[in-house]
Amino acid sequence: MPSKPKVPGLIKGLGVTMSTMFRTLKDGANTVQYPHEKETPPTRARGVIALHEDNCTACMLCSRSCPDWCIYIEGHKQLAPPRRAGGKPRQVNHLDRFDIDYALCMYCGICVDVCPFDALFWSPEYEYSEPRIADLLHDKTKLGEWMETVPEAPELEVGAQKK
Amino acid sequence: MGLVDRGRMPAPLTKLFNMGRSYSMWVYQWGLACCAIEMGAAFGSPRYDVMRLGVIPLPASPRQADLVVVSGTVTDKMAPAVKRLYEQMPEPKYVISMGSCANCGGPYWDSYSVTKGVDQIIPVDVYVPGCPPRPEALLEGIVLLQQRIKNEDMAAKWRNEEFTTLQKTAALEKAKSQPAPEPIVVGGGPIE
Amino acid sequence: MTVLNERQQLSYIAAQAADARLNVELETEGMTLNIGPQHPATHGTLRIIARLDGEQVVWAEPVAGYMHRGYEKLTEVRTFPQVTALINRIDWLGSFANEVPFILAAEQLMEIEAPPRAQYIRTILFELSRIANVSLFLGDLGVQMGAITPVFMAFRDREYVLNLIEGATGGRFHPNFDRIGGLKDDLPKGWIAETKQVMKKLRTFCDEIEDLLFGNEIFQSRTRGVGIIPADVAKSYGMTGANLRASGVDWDLRRDQKNAMVWDQADFKVWTHPDGDSWARCWIRLQETREATKIVDQLIDNIPAGPVMTKVPRIIKVPAGEAWVSTENPLGEMGYYVVSKGDLGPFRVKIRSASFNNISITPWVLKGVYVPDIITILASLYFILGDIDR
Amino acid sequence: MSDTATGTDETAALPGDGLREGIVDRLRSDLGEHLLDTYLIPHTDLWVRVSAEAWGQTAAALKAQGFDHFCFLSALDWLPSPFGKGEDDPDAEPVAISTELVQGYTGGETRFQVFARLTDIKRHVGVTIKADVPESMSVPTWLPHFAGANWHERETHEMFGIGFEGHPDLRNLYLPGEFEGFPLRKDFPLLSRMVKPWPGIVDVEPMPVAAQEGDGES
């Protein structure tokens, strides 16, 4: 054992507790009063995936790269009006079904990364608990509703190279 | 509690009981994996502080708990222990399944040693999504459960039936007996 | 020597007899004590079966496997990006640190290296996850000894670090931010300034914990001289990290191994302690948290400008070969032995996790200790169940 | 990695890594013909393959050299997985999967190999040791040399079914008692992947004929 300290450890510890108490009295408590006020997660937070349906071409990339196999897509091909006047009608994929099973999702973000058409976005929302597990399967209408909560991508730090 | 068993409790008393139950839930923490730390943050950190909601995370044993939060991966080796623990809890009891692993197996859905969701062993009342869910997401799940309890028909719960609200039981009883000249409104509002 | 009178002699004899009777009564039949699988002292679901003689442990054996999720099998059916997303759940407290050795191993096989800016950010996030991990240990330590205050403080200050990690990566716990060849994204604006603020707070936290816990006489008497592990035993059990350094072995992969990381750009001290007891292990970890904040402070001002991603094909196929890369993770040496056959995913990944080796010493170290010391020794060895069972 | 050597004769001619070459030379003088093959990436890593009989002897020899820190011990199954990833179309023609064994660095002859790693803390160098597992599915234990090998050998026994002669206690470490099979063998199927259809199989349905004729606008 080393030589005895001048101030006993017990007193020191009580000092820390006391100073914390005074700080709390001065600055207010650390607590976020949850149901009444909510903390705002950072813009990049991975809370829920939103779908911008117009951009989706049902290319299946997200579904195939999902490690959990929790994205279900169905679609069919149909003709769309030509881009230029007088052109031939184009064949496009029409999205019939886009479901994400949030009970199974591991929130890795691979689907958002691989999407080449900017159809999937992360939203920081997190309040969607359900009493029934089947309700955690969000269909494309519900995924589309999440789009409103998607924040702008943050600016980058100094020295970052623009992509 | 014979009165409760037979469902002979006046509605205002039920409401009072329900409110009391929803704001004094002793929660047993079944922390298993990553989610356990987020559950610890929700229960133990001054930032979230679950005691504000009337949830007390310090029961001495599952015998004294009303609610169990299963947070994390339930493996096949663990499953019997989870079930035994649940059986020890007194009725009425509630289960919150927290995170993808407890909901459905999550990232380990194809593993040879992981149970695909805790609801295969014990009934679950609220599923909280996330991997892991933020502590506030768990608080939301708890608030949701409290809303349900406030509206619950205690007698039905005691009889181990499916979740039924006061309104539903009242409607059933009304259909059985003669239609009363004036409908008696019992119970609280709809579940949010 | 004073001569006892008859009365004193009689009382002395009576006391001796009482002592003897007490000894006979205390001599119990052997008893088996089962701790766990769900017990606050086991940090999750480690189960310990201890054979007791009275209050002393004759034999103790941890039973692992309650959290075995089959990582090594799952990596065989996943692609490289999917494996990266999966493996940060092994040690769930320092999750970014789990990704790095795997990514480095894949990069070694592909013979590429991340750009300097990515290396700096990686190192900073690595140290942040170390702080997030070890600060919870420091708080939890108090709980094991009956002091509840530290854990509240740890959770309070840990939130700041988690906010930083989430602000940059998007995940509080599981960043999945590392990519083969660099990082997913650059840092958001204002992150560096915030990090500096938080590092100041964390240093205050370390001072508070030191005053609150490490100076406390009760804490010292419960940890000093308890659970001593000599250096050669520690090495033959393959212990790493703070547990090894607490036994006086000066071995830190951040300093002693060359990786595509920038720890060599920072000036930090590798702390060792000659005692090898519980106190030494806890104290080393406290110092390491301090050093980690210093590393972050030194690196964060010197992040070079440039890209965070080198050129890699969009669909990654790692060439055939074998690579072993390990780094000094919060819990100790964590390494991945990656065997690739040129496919989209690895052929086999052997995950060498630190806690598995660290905790395999428990039958040796628990032999002969008293029951309350089981808890302090386990707490000071510091393991995470996911890291043992994988 | 062009400047590598698999042959034992070329090792001396290599530029650079004198440290690891010295280790190999000393190991060769200790083990003699039991050192079957070596593989060296200069300044990076070293692999050696020894015969199964000399598995325990190698540990002792390396420990005498200063490799006193035990890192890990496990096994490799070189059989290509007969099941793939479960991401195939059940209606498509099954693609024949070759069952040819292609071993990694330092080669080998058998399907199973045990491998382990030791570290020299003083010289900051590590070495990976491999050995072919013979038909008897059993190799000598490392317990007398490294106490930490205990759990690793139990894990390897449980996951691959490889025995360790002289290990007193090869109980299951992870899996519940009633579990059957050796999960890390390549021919152990992951049932969930077999049962659940891969959502990536379904492709976008071709354009219905009616749509082609009728409403081209929609």
Side-chain angles (χ1 to χ4, degrees), chain C residues 61-70 72-74 76-79 108 111 231-240 244 249-251 253 255-258 320-326 333 335 337 339-341 343-345 347-348 350-353 356-357 359-361 363-364 388-390, chain D residues 1 39 41 43-45 47 63 67-78 80-81 83-87 102-106 115 117-119 121-126 128 130 145-152 154-155 158-159 169 171-176 183-186 188 190 193:
Chain C
E61 166 95 30
V63 181
Y66 286 99
M67 202 35 59
H68 178 64
R69 295 164 290 186
E72 291 179 16
K73 186 75 179 177
L74 297 189
E76 289 171 10
V77 288
R78 276 161 169 71
T79 62
Q108 188 179 320
E111 296 179 57
D232 54 333
V233 177
K235 280 194 278 190
S236 89
Y237 272 97
M239 289 176 81
T240 42
L244 186 64
V249 182
D250 193 9
W251 168 247
L253 293 168
R255 183 195 59 195
D256 298 335
Q257 204 171 52
K258 266 203 78 60
E322 295 174 32
W324 158 262
V325 175
S326 61
E333 180 186 13
Y337 190 92
V339 183
S340 175
K341 287 212 168 169
D343 291 331
L344 290 172
F347 180 76
R348 161 124 169 80
K350 162 69 194 167
I351 303 166
R352 190 263 188 223
S353 55
F356 185 74
N357 281 32
I359 214 68
S360 68
I361 202 173
W364 187 88
I388 300 175
D389 291 351
R390 300 189 295 274
Chain D
M1 311 283 166
Y39 187 87
I41 301 176
H43 306 295
T44 309
D45 219 338
W47 286 263
K63 195 173 182 182
F67 287 89
D68 54 356
H69 184 263
F70 172 76
C71 192
F72 70 80
L73 186 150
S74 188
L76 291 157
D77 180 0
W78 290 108
S81 168
F83 302 107
K85 293 184 173 176
E87 297 182 348
V102 183
Q103 278 86 356
Y105 294 166
T106 71
F115 75 124
R117 195 176 167 83
L118 295 176
T119 320
I121 284 178
K122 288 216 174 62
R123 287 187 286 176
H124 302 165
V125 61
T128 308
K130 290 185 183 176
H145 314 291
F146 295 100
N150 182 356
W151 277 27
H152 289 261
R154 275 172 70 183
E155 185 196 6
E158 176 179 14
M159 292 292 164
D169 185 24
R171 276 176 300 138
N172 271 8
L173 184 64
Y174 286 142
L175 299 167
L184 273 181
R185 285 192 181 180
K186 288 281 177 182
F188 183 89
L190 286 174
R193 278 190 174 254

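Bear in mind that the values here come from a model prediction, so they are computed numbers and not experimental data. The sequence lines fix the lettering, A, B, ..., with proteins before strands; numbering per chain opens at 1. Scope of the values below: all heavy atoms of this structure, side chains included, with no hydrogens, waters or symmetry mates.
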Colleague: Can you tell me how far the NZ atom of K122(D) sits from the CG atom of D256(C), to the nearest 0.5 Å?
Modeller: 12.5 Å
Colleague: Starting at OG1 of T119(D), measure out to CD of Q257(C) and round the result to the nearest 0.5 Å.
Modeller: 8.5 Å
Colleague: Nearest 0.5 Å, what's the NE2-CG distance between H68(C) and N172(D)?
Modeller: 10.0 Å
Colleague: Testing the basics here: between R185(D) and K73(C), what is the closest heavy-atom pair and its distance to 0.1 Å?
Modeller: O-NZ, 2.9 Å
Colleague: Charged N to carboxylate O below 4.0 Å: is that the case for E322(C) and K130(D)?
Modeller: yes
Colleague: Apply side chain to side chain contact (heavy atoms under 4.5 Å, CB included) to residues R117(D) and K350(C) and explain how you reach the verdict.
Modeller: CA-CA 11 Å; R117(D) 195 176 167 83; K350(C) 162 69 194 167; over 6 Å; no
Colleague: So F347(C) and L76(D), side chain to side chain contact (heavy atoms under 4.5 Å, CB included) or not? Walk me through it.
Modeller: CA-CA 10 Å; F347(C) 180 76; L76(D) 291 157; 6.0 Å; no
Colleague: Measuring heavy-atom distances to chain D, does T79(C) have an atom under 4.5 Å in its side chain, in its backbone, in both, or in neither?
Modeller: both
Colleague: Between R352(C) and F70(D), what is the shortest heavy-atom contact and its length?
Modeller: NH2-O, 3.9 Å
Colleague: Give, as side chain, backbone, both or neither, the part of E76(C) having an atom under 4.5 angstrom from any heavy atom of chain D.
Modeller: both
Colleague: Rounded to the nearest 0.5 Å, how far does CZ of F146(D) lie from CG of N357(C)?
Modeller: 12.0 Å
Colleague: Heavy-atom cut-off 4.5 Å, strictly under: side chain, backbone, both or neither for L175(D) against chain C?
Modeller: side chain
Colleague: Taking it one step at a time, do H124(D) and W251(C) satisfy side chain to side chain contact (heavy atoms under 4.5 Å, CB included)?
Modeller: CA-CA 9 Å; H124(D) 302 165; W251(C) 168 247; 3.5 Å; yes
Colleague: What part of V233(C) lies closer than 4.5 angstrom to a heavy atom of chain D: side chain, backbone, both or neither?
Modeller: neither
Colleague: Evaluate the ring planes of W47(D) and Y337(C), with Trp represented by its six-membered ring, and classify them as parallel (under 30°), tilted (30 to 60°) or perpendicular (over 60°).
Modeller: perpendicular
Colleague: Which value, rounded to the nearest 0.5 Å, describes the distance between I121(D) atom CD1 and D250(C) atom CG?
Modeller: 9.5 Å
Colleague: With a 4.5 angstrom heavy-atom cut-off, which part of N150(D) approaches chain C: side chain, backbone, both or neither?
Modeller: neither
Colleague: Do you know which two heavy atoms are closest between M239(C) and H69(D), and how far apart they sit?
Modeller: O-NE2, 2.9 Å
Colleague: How close do G321(C) and Y105(D) get, counting heavy atoms only, and between which atoms?
Modeller: CA-OH, 3.4 Å
Colleague: Applying side-chain hydrogen bond (donor to acceptor under 3.5 Å, both in side chains), run through S74(D) and R348(C) and close with a yes or a no.
Modeller: CA-CA 11 Å; S74(D) 188; R348(C) 161 124 169 80; 2.8 Å; yes
Colleague: Contact part of I361(C) toward chain D, heavy-atom cut-off under 4.5 Å: side chain, backbone, both or neither?
Modeller: neither
Colleague: Select one option (side chain, backbone, both, neither) describing which atoms of R154(D) are under 4.5 Å from chain C's heavy atoms.
Modeller: side chain
Colleague: Mind checking what makes salt bridge (charged side-chain N to carboxylate O under 4.0 Å, His left out) contact with D77(D), not counting sequence neighbours?
Modeller: R111(D)
Colleague: Is it the backbone or the side chain of M67(C) that comes under 4.5 Å from a heavy atom of chain D, or both, or neither?
Modeller: neither
Colleague: Less than 4.5 Å to any heavy atom of chain C: does that hold for the side chain of L190(D), its backbone, both, or neither?
Modeller: side chain
Colleague: In terms of relative ring orientation, are F356(C) and Y174(D) parallel, tilted or perpendicular, with 30° and 60° separating the classes?
Modeller: tilted
Colleague: So which part of F115(D) gets closer than 4.5 Å to some heavy atom of chain C, the side chain, the backbone, both or neither?
Modeller: side chain
